[in-house]
Amino acid sequence: MKILKLRPFVRCVAVLALLFTAACGDPEQTGEPAPEAGYVEDMAEAHAEDSSMPSGAAELVDDLGEVAAMPVLSETVVYGRVNGEPVSGYLAYPETAHGGLPGILMFHEWWGLNDNIRAMADKLAAQGYVVLALDVYGGEVATTPERARGLMQVAMADKVALNDNIREAWKFMTEEIGALSVASMGWCFGGTLAFNTALLYPDQLDAAVVYYGHVTSVTPAQLAMLGMPIIGFFGAEDSGIPVAGVRQFEQSLKNLGKDAEIVIYDGAGHAFANPTGENFRPEPAADAWQRTLTFLDRTLNAAVNRNVIKQPPAADNAPAATTR
């Protein structure tokens, strides 16, 4: 299997050891925001009428009038090992990419790494990003809310494995791919994991995009450590992620002077951006996507890298390929 080696001119330095220093703290001690009791049940209720059929997400994005897309290459890659077992994900990147590019760690919804998430990874890659969609379900994909609930419960029961999965993806993106900057992004359960990535890498992550993830149990002390810009999208009618907690989260970020934008859509509930479900709302979904592209462009310098891609590199700067 061949993977494009996207090497920056200056290699990113491995930062995993910093997680265990006094400066950042042990993530198992500082902790991620633990969802309140009933979180999984709340998600199950919110998704009760949903399905995992092809969502039309690609068509939705096509209709948003975004900048011209680039041809994309994609493949399944093994990005690390957790508990001695290989973990694989979906890697998408611009076909003409060379040198270093911004990277995005993408986290799936409670359904798992399905075609909808792959489509969104392709869409972001077409805008000049290297996207790694992680799999935290060990290859399982749910087709019913009951199965999704079970998979999510199993994944949440082993926080150490979840964190190790994120660390392996981080190492792959920063060392193997050599991304110039890295953002986390996810929806629903994936939104929670995208925010947890920010807490695991408070000084290293360059941006975080959270679609209706659980953020309401985080403490001001945890938020104070975060150095990256954050954008979050939530529904005012979301029973699983109550708006009162989201507004408190927003106020805490504001009080700390963080570069953060929290958008709450009136009339929208949980999973408003997923076209498969009864909660889908086209207008908030389209607005959130446009804001996401603008935010990533600002924080990860995608515009600069798109211009670089258009200029063919000199022969001695051509990207290397590696076999895994």
- Message: Side chains of Asp122 and Tyr90 only: does a donor on one sit below 3.5 Å from an acceptor on the other?
- Response: yes

Rounded to the nearest 0.5 Å, what's the gap from [atom1] on [X] to [atom2] on [Y]? Could you check?
X	Y	atom1	atom2	answer
Leu113	Leu134	CG	CG	8.5 Å
Leu253	Leu223	CG	CG	5.0 Å
Cys188	His270	SG	NE2	3.0 Å
Met70	Tyr93	CE	OH	14.5 Å
Asp287	Arg281	CG	CZ	15.0 Å
Thr197	Arg167	OG1	CZ	10.5 Å

- Item | Set of residues satisfying ring pair (Phe, Tyr, Trp, His ring centres under 6.0 Å) with respect to Tyr265, sequence neighbours excluded | Phe272

Hey, does [Y] have a side-chain heavy atom less than 4.5 Å from the side chain of [X]?
X	Y	value
Thr174	Gln204	no
Phe107	Thr192	no
Leu132	Glu176	no
Leu124	Leu296	yes
Asp206	Leu180	no
Arg247	Phe234	no
Phe189	His214	no
Lys258	Ile230	no

- Do Phe233 and Phe295 have their ring centres less than 6.0 Å from each other?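 Not close enough - the centres of the two rings lie 6.0 Å or further apart.
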
- Task: Just do the side-chain contact (heavy atoms from CB on, under 4.5 Å) check on Val130 and Leu91 with the steps written out, would you?
- Result: CA-CA 7 Å; Val130 182; Leu91 183 70; 3.8 Å; yes

- Message: Please determine whether the number of non-hydrogen atoms from other residues, nucleotides or ligands lying under 6.0 Å from atom CD of Gln251 exceeds 12.
- Response: yes

- For the pair Phe249 and Phe195, name the ring-plane relationship: parallel under 30°, tilted 30 to 60°, perpendicular over 60°.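 Rings of Phe249 and Phe195: perpendicular, as their planes differ by over 60°.
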
For the residue pair [X] and [Y], what are the closest heavy atoms and their distance?
X	Y	value
Glu109	Tyr137	O-OH, 4.3 Å
Ala198	Leu205	CA-CD2, 3.6 Å
Gly267	Ala236	N-CB, 4.4 Å
Ile241	Val246	CG2-CG2, 3.7 Å
Ala92	Ala121	CB-O, 3.9 Å
Tyr79	Asn165	OH-OD1, 2.5 Å

- Evaluation steps, side-chain contact (heavy atoms from CB on, under 4.5 Å), between Leu300 and Ile104: CA-CA 9 Å; Leu300 300 186; Ile104 298 173; 4.1 Å; yes

Is it true that a side-chain atom of [X] and a backbone atom of [Y] form a donor plus acceptor pair closer than 3.5 Å?
X	Y	value
His108	Val136	yes
Asn116	Ala119	no
Glu261	Ile231	no

- Leu226 vs Leu199, side-chain contact (heavy atoms from CB on, under 4.5 Å): CA-CA, chis, key distance, verdict: CA-CA 7 Å; Leu226 302 182; Leu199 294 173; 3.7 Å; yes

- Message: According to a hydrophobic-cluster definition based on side-chain heavy atoms being under 4.5 Å apart (Ile, Leu, Val, Met, Phe, Trp, Tyr only), do Leu105 and Val72 belong together?
- Response: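 Looking at the clustering, Val72 is in a separate group from Leu105.
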
- Item | Hydrophobic cluster membership, Val154 vs Leu162, 4.5 Å side-chain cutoff | no

- Please walk me through it: do Tyr211 and Thr292 pass side chain to side chain donor-acceptor pair (under 3.5 Å)? CA-CA 10 Å; Tyr211 276 77; Thr292 296; 2.7 Å; yes

- Task: Go through Trp170 and Leu200 one step at a time and tell me if the side-chain contact (heavy atoms from CB on, under 4.5 Å) criterion holds.
- Result: CA-CA 10 Å; Trp170 174 270; Leu200 284 171; over 6 Å; no

